[in-house]
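The structure appears right after this line, and notes come after that.
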4 protein chains.
Amino acid sequence: MTNARPLRADAQRNRARVLAAAEWVFAERGTATSTEEVARAAGVGVGTVFRHFPSKEALLQALVVQRLARVAADAREHATSPNAGAAFFDFFAATVRGSATKLELVDALAELGIHPDDAVAPIAEEVTEALAALLQQAQRAGSVRRDVDVRDVIALLAGASQARRYAPDDRPLDVILDGLRAPSAH
Amino acid sequence: MTNARPLRADAQRNRARVLAAAEWVFAERGTATSTEEVARAAGVGVGTVFRHFPSKEALLQALVVQRLARVAADAREHATSPNAGAAFFDFFAATVRGSATKLELVDALAELGIHPDDAVAPIAEEVTEALAALLQQAQRAGSVRRDVDVRDVIALLAGASQARRYAPDDRPLDVILDGLRAPSAH
Amino acid sequence: MTNARPLRADAQRNRARVLAAAEWVFAERGTATSTEEVARAAGVGVGTVFRHFPSKEALLQALVVQRLARVAADAREHATSPNAGAAFFDFFAATVRGSATKLELVDALAELGIHPDDAVAPIAEEVTEALAALLQQAQRAGSVRRDVDVRDVIALLAGASQARRYAPDDRPLDVILDGLRAPSAH
Amino acid sequence: MTNARPLRADAQRNRARVLAAAEWVFAERGTATSTEEVARAAGVGVGTVFRHFPSKEALLQALVVQRLARVAADAREHATSPNAGAAFFDFFAATVRGSATKLELVDALAELGIHPDDAVAPIAEEVTEALAALLQQAQRAGSVRRDVDVRDVIALLAGASQARRYAPDDRPLDVILDGLRAPSAH
DNA sequence: AATGAATGAGCTTTCATTCAT
DNA sequence: GATGAATGAAAGCTCATTCAT
């Protein structure tokens, strides 16, 4: 159903291996790590990496898209919960805790504002919409303060993830969650 | 007190120009920008940059030290205020708002946790101490919740600065400040 | 007479398609164009190209051989004409005009002098012989000056083809033809 | 007086060495030879080559410009001769004989028609003008046929140079020169 | 036989760093 | 001290060729 014919089974597998290796390597040693290194980690030749991702930039973007897709899916799933407030805070905490690697949510989210025109654009919109819905529900339920909008939430997700790099425990996250609660919710 | 003889006046001036140019250039175009570019922006030859900073890493660290020195000084100054609570929050907000350039406080703070052993160590300790004092006063005054420590505050400074990249207004910052307030302070 | 068994009909067709595609692609975009590109133009996989031509070099040579074979055939045909002088000049002009693609006669002829030992050798000899016959007839008929030999004619064919790249009209060709006429022929 | 400050003496020398080495290497082994090889031949590092010529393309163009500059100068010099006819033919023969390397005049002239918009444009015009003057004089003197124009002459220079690759003696050149003579000149 | 994914040597280019001027 | 040309390791990327499907 996609417009490109599906990849052969082995190609599919290699693409996935490259993506996984890239996530690991870039997280562990920074995105400045060479593509050669990524290839080595994936157990393939450099050529294979470039066959699947025509440039390093494209590989990085694929990683971002993958990360954001998970966030969007997660937001949508939480939006189905009957308890809108808990759903929002659960989602927020889980997302921040999930960005445990160095190629953080931070870097993924960075793309949301920075390249609004390229391959990341569709997924960016997806994330924004899913998040907006989740937020609105929680605000209507009186759990989240009304003076924040989606952009603020995204910024705070990035901020909380960043904070986690310095203090990997939950304290900073808790502070931010508390800051988000509606005053009456105390 | 320095172990090197004082620099000649012109050398002193060149060092400062390089530092300023580096801050500007790295902020504007990323730390991957070449040293050549920094030299050009400073109006000196590359050789001069390397004479003052033996490696690019060293230049980056000097920038971090400079940034953190300002933060430490600022913390110490606020610590003299009679109103400990307001002083803490003022300091926090001012620090985050001041990290408006792209070579953010984030990157500076990154060094606090990441390279605790090198040239950055002394200033890191300085910042930590000044911050600890300011925090303790504010907690004793009942303005800041008691379950956060210096490390959390540093993490949240980094987080709030990061958030500012996505939503350059004050909303995310306000959320975090609210999260930091002692419950009874409402 | 060939030492390999005849190709299956579809294989035969594929070989021809590759050859045609290669001529077109190399002419249009230079011989540095990738084999992948040639395969795409031929509507086959790269593997197929390499099955028929064991290396890119071999593919290029096959093209040259094909080109030279046409020249030799043409020369032989003109040699049957009753008017030896006209036959020679007609042949010369037609050959030069026919090298209208970018993978010119020039490049084909280049092989005559450059790789005298490989796959091109037989056809090179064929061309030389056919040309020698045509030339001799024209010289005997008093139409072509006697102080040029086959090698000179080949060089001039290459030269005239080259000239056509810069001035695609007939003027340079006419000049060369005039230069070849026997003095008494005026 | 040039808009760039003159190079330091050693830089000047290295630039010249690179240019000379490039001419030699490309002539001997084709323009596909790696820049690394050129650097080795010049006795410098690759970096030096790229400092002087920002891309391989630029290096090739510099070679072309150098070659064409010589041709233009030569044309202008011959144009001062009292015997216009002899001057033209002398120039033509000398130019063709001078393109003895494989990175021929052919390749240099190729640029005349192919990249009319880049760094080669000014020198291309220079060559054309100098040649036009020389040609016109020779035509007025009744030595060169009147139905050829500058473009034809350039094409024939390229053609004659190409011919020389196959028959390195003077015969093909003589044929072309004869073809250029005015009919009455016999 | 045909396919196209995988390979990896090799190419162009960049840039931190050194050193002659 | 300052300069900027030179260096060469290393990076991103291409492509002829191989081989599992």
Side-chain angles (χ1 to χ4, degrees), chain A residues 5 7-15 18 32-39 42-57 59, chain B residues 7-12 14-15 32-40 43-59, chain C residues 7-12 14-15 32-40 43-59, chain D residues 5 7-15 18 32-39 42-57 59:
Chain A
R5 101 195 59 176
L7 285 173
R8 261 164 41 179
D10 56 342
Q12 191 73 276
R13 196 177 55 246
N14 269 340
R15 199 194 125 97
V18 168
T33 311
S34 78
T35 309
E36 195 88 38
E37 213 60 41
V38 172
V44 302
V46 233
T48 301
V49 177
F50 280 96
R51 161 170 283 267
H52 288 292
F53 307 96
S55 70
K56 190 179 184 178
E57 170 86 11
L59 174 57
Chain B
L7 290 170
R8 263 168 37 180
D10 57 343
Q12 189 74 276
N14 271 342
R15 200 193 124 96
T33 310
S34 77
T35 310
E36 194 88 39
E37 212 62 39
V38 172
R40 179 155 35 245
V44 303
V46 233
T48 302
V49 176
F50 277 91
R51 162 164 288 270
H52 288 292
F53 306 95
S55 69
K56 191 180 184 179
E57 171 84 12
L59 173 56
Chain C
L7 290 170
R8 262 169 38 182
D10 58 341
Q12 189 73 278
N14 269 343
R15 201 194 123 97
T33 311
S34 77
T35 309
E36 194 88 39
E37 213 62 41
V38 172
R40 181 156 30 246
V44 303
V46 233
T48 302
V49 175
F50 278 91
R51 163 166 287 271
H52 288 293
F53 307 95
S55 70
K56 191 180 184 179
E57 171 85 12
L59 174 57
Chain D
R5 102 195 58 177
L7 286 172
R8 261 165 43 180
D10 55 342
Q12 191 73 275
R13 195 177 55 247
N14 269 339
R15 200 194 124 99
V18 168
T33 311
S34 78
T35 309
E36 196 87 40
E37 212 61 39
V38 172
V44 302
V46 232
T48 302
V49 176
F50 279 92
R51 161 169 281 268
H52 288 292
F53 307 96
S55 68
K56 190 179 184 178
E57 171 86 11
L59 174 56

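Every chain is numbered from 1 and lettered A, B, ... according to where its sequence line falls, protein lines coming before strand lines.
We find that CG of D/Asp10 is positioned 10 Å from P of F/dT7, with the value rounded to whole Å. F/dA16 atom P lies 13 Å from atom CZ of A/Arg51, rounded to whole Å. With rounding to whole Å, D/Gln12 atom CD is found 16 Å from E/dT21 atom C1'. Protein atom CZ of B/Phe53 is 15 Å distant from nucleotide atom P of E/dA16, rounded to whole Å. Counting to the nearest Å, the C1' atom of F/dG12 and the CD atom of A/Glu37 are 14 Å from each other. Atom CZ in B/Phe50 sits roughly 13 Å away from atom C1' in F/dT7 (whole-Å rounding). Look at CD on C/Glu57: it is 14 Å from C1' on F/dT17, rounded to the nearest Å. Taking atom CZ on D/Arg13 and atom P on E/dA20, their separation rounds to 13 Å, with Å as the unit.
Comparing D/Gly47 and D/Glu36 by the nucleotide of DNA chain E whose heavy atom lies nearest to each, the residue mapping closer to the 5' end is D/Glu36. Taking the nucleotide of DNA chain E with the nearest heavy atom to each of C/Val49 and B/Lys56, the more 5' of the two is matched to C/Val49. In terms of position along DNA chain F, the nucleotide closest to B/Gly43 lies nearer the 5' end than the nucleotide closest to the other residue of the pair B/Gly43 and A/Thr33.
At least one side-chain nitrogen or oxygen of C/Thr35 sits closer than 4.0 Å to the OP1 or OP2 atom of F/dA16.
Here the side chain of B/Asn14 is nearest to one of F/dA2, E/dA2, F/dC15, namely F/dA2. You'll find that the side chain of D/Val44 is closest to F/dT7, out of F/dT7, F/dT17, F/dA5. Among the nucleotides F/dA6, F/dA2, E/dA9, the one closest to any side-chain atom of D/His52 is F/dA6. Residue C/Ser55 has its side chain nearest to F/dT17 when only F/dT17, F/dA6, E/dA2 are considered.
Residue B/Val46 is in base contact, counting any heavy-atom pair closer than 4.0 Å across all strands shown. Looking at heavy-atom distances under 4.0 Å, A/Thr48 makes contact with a base.
Here the closest non-hydrogen pair linking A/Ala39 and A/Val49 is CB-CG2, 3.7 Å. Scanning all heavy atoms of the two residues, the minimum distance from B/Lys56 to B/Thr33 falls at NZ-O, 2.8 Å.
Base pairing of E/dC11: its partner is F/dG12, meeting the Watson-Crick or G-U wobble criterion (both donor-acceptor distances under 3.5 Å). The partner of F/dT18, taking Watson-Crick or G-U wobble pairs whose two distances both stay under 3.5 Å, is E/dA5.
One distance of note links CZ of B/Arg51 with CZ of B/Arg15; it measures 13.5 Å at 0.5 Å rounding.
When each of D/Leu59, D/Thr35, D/Val18 is tested with D/Phe50 by the rule side-chain contact (heavy atoms from CB on, under 4.5 Å), just one qualifies, namely D/Thr35.
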